[in-house]
Amino acid sequence: MGIHVDADPLTSLTGPFMTVVMIAVAVIVAAGLFRTLHLWNRNNKQPVLSVRALVVGRRFEAQTRRHSGDDNASQQTQSYTYYVTFEVESGDRMEFAIEGRNYGLIAEGDLGKLTFQGTRYFGFDRDNNRLGQMG
């Protein structure tokens, strides 16, 4: 009947700390899933629109990821996200993330028909006169 003394007081904190970390991770994942489903649902409720639009901007973001290869050598990979900004006849501007193969076919100043649904980009059909004017 002696008094039990834990040899390492740090181990008594590990359990509660890990529980808090796991709950935090679960909340972050749930919030991201909720946001994605909410955006998907909101887009589905929007009509598919095709409007005349002028390309007023293009940009891309590069992301570099570093990781270890099979030989423990540090390797990196890059991925790109491409964006195009369109101005419609009302003067409103909309930016869409698009695929790289489409990004290369669109230039600033292009005039054509933009097809989209909410925040979803479906396509852009350029008019024959490449550098058109709105209106």
Side-chain angles (χ1 to χ4, degrees):
M1 262 223 223
I3 298 176
H4 180 337
V5 177
D6 194 1
D8 186 6
L10 188 59
T11 57
S12 65
L13 296 176
T14 304
F17 177 74
M18 289 306 294
T19 301
V20 169
V21 168
M22 294 301 288
I23 289 172
V25 168
V27 167
I28 291 169
V29 169
L33 183 61
F34 176 78
R35 182 173 177 238
T36 300
L37 289 175
H38 178 69
L39 181 60
W40 177 81
N41 189 37
R42 190 176 72 199
N43 280 335
N44 283 345
K45 291 179 181 178
Q46 299 294 320
V48 175
L49 299 175
S50 292
V51 297
R52 283 183 50 81
L54 176 67
V55 177
V56 294
R58 294 170 13 121
R59 68 183 180 91
F60 67 92
E61 291 179 356
Q63 271 190 317
T64 302
R65 293 187 180 93
R66 298 188 199 306
H67 53 89
S68 297
D70 292 337
D71 57 358
N72 285 334
S74 179
Q75 298 177 353
Q76 66 182 25
T77 57
Q78 277 195 318
S79 64
Y80 298 91
T81 305
Y82 301 95
Y83 299 94
V84 176
T85 302
F86 297 92
E87 183 176 308
V88 296
E89 290 178 308
S90 67
D92 292 331
R93 291 184 176 201
M94 295 175 277
E95 182 178 67
F96 294 96
I98 68 171
E99 294 179 358
R101 64 179 178 212
N102 294 328
Y103 182 81
L105 300 174
I106 298 173
E108 284 190 37
D110 283 351
L111 183 64
K113 182 176 71 171
L114 168 67
T115 304
F116 66 98
Q117 181 183 31
T119 61
R120 289 184 193 136
Y121 169 85
F122 287 134
F124 179 73
D125 294 320
R126 184 174 56 230
D127 289 349
N128 287 336
N129 57 343
R130 187 176 163 275
L131 294 173
Q133 294 290 330
M134 291 292 288

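Worth saying up front: this structure is predicted, and the values here are computed from it rather than measured. Note: hydrogens, waters and symmetry copies are ignored here, and every other heavy atom, side chains too, is used.
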For this session: Report the C-alpha distance between Glu89 and Val51 in whole Å, list the side-chain angles of each, state the deciding distance to 0.1 Å, and finish with yes or no for side-chain contact (heavy atoms from CB on, under 4.5 Å).
Result: CA-CA 8 Å; Glu89 290 178 308; Val51 297; over 6 Å; no
For this session: In sequence, state the C-alpha distance, the side-chain angles, and the governing distance for Leu114 and Glu87, and then conclude on side-chain contact (heavy atoms from CB on, under 4.5 Å).
Result: CA-CA 10 Å; Leu114 168 67; Glu87 183 176 308; over 6 Å; no
For this session: Using the side-chain contact (heavy atoms from CB on, under 4.5 Å) rule, take Phe124 and Val55 through it: C-alpha gap first, then chi angles, then the decisive distance, then the call.
Result: CA-CA 10 Å; Phe124 179 73; Val55 177; 3.9 Å; yes
Side chains of residues 19-36: which donor-acceptor partners sit under 3.5 Å, not counting sequence neighbours?
{"residue": "Thr19", "atom": "OG1", "partner": "Gly15", "partner atom": "O", "Å": "3.0"}
{"residue": "Thr36", "atom": "OG1", "partner": "Gly32", "partner atom": "O", "Å": "3.0"}

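Two residues are said to be in side-chain contact when any heavy atoms from C-beta on lie closer than 4.5 Å; Phe96 and Val84 fail this criterion. In this structure, Asp127 and Arg52 have side chains that are in contact, with non-hydrogen atoms separated by less than 4.5 Å.
Of the possible donor and acceptor atoms, one in the side chain of Arg58 sits under 3.5 Å from a partner among the backbone N and O of Ile106. For the pair Arg42 (side chain) and Thr119 (backbone), a donor-acceptor distance under 3.5 Å is absent. Listed for the Gln117 side chain is a donor-acceptor partner under 3.5 Å among the backbone atoms of Asn43. A donor-acceptor contact shorter than 3.5 Å links the side chain of Asp110 to the backbone of Ala107.
Linking Ile, Leu, Val, Met, Phe, Trp and Tyr residues whenever their side-chain heavy atoms come within less than 4.5 Å places Met94 and Tyr103 in a single cluster. In the hydrophobic clustering of ILVMFWY residues, with side-chain heavy atoms under 4.5 Å counting as a link, Tyr83 and Val56 come out apart.
Between atom CD of residue Gln78 and atom CD of residue Gln63 there is a gap of 10.0 Å, rounded to the nearest 0.5 Å. With rounding to the nearest 0.5 angstrom, the CZ atom of Phe122 is 10.0 Å from the CG atom of Leu49. The line from CG of Leu54 to CZ of Arg93 is 8.5 Å long, rounded to the nearest 0.5 Å.
Residues that satisfy the side-chain hydrogen bond (donor to acceptor under 3.5 Å, both in side chains) test with Ser79, not counting sequence neighbours, are Arg65.
Ring geometry for Phe60 versus Tyr82: interplanar angle of 30 to 60°, hence tilted.
Look at Arg59 and Glu61 and you find a salt bridge, because one of the NZ, NE, NH1 or NH2 atoms lies within 4.0 Å of a carboxylate O, short of that distance.
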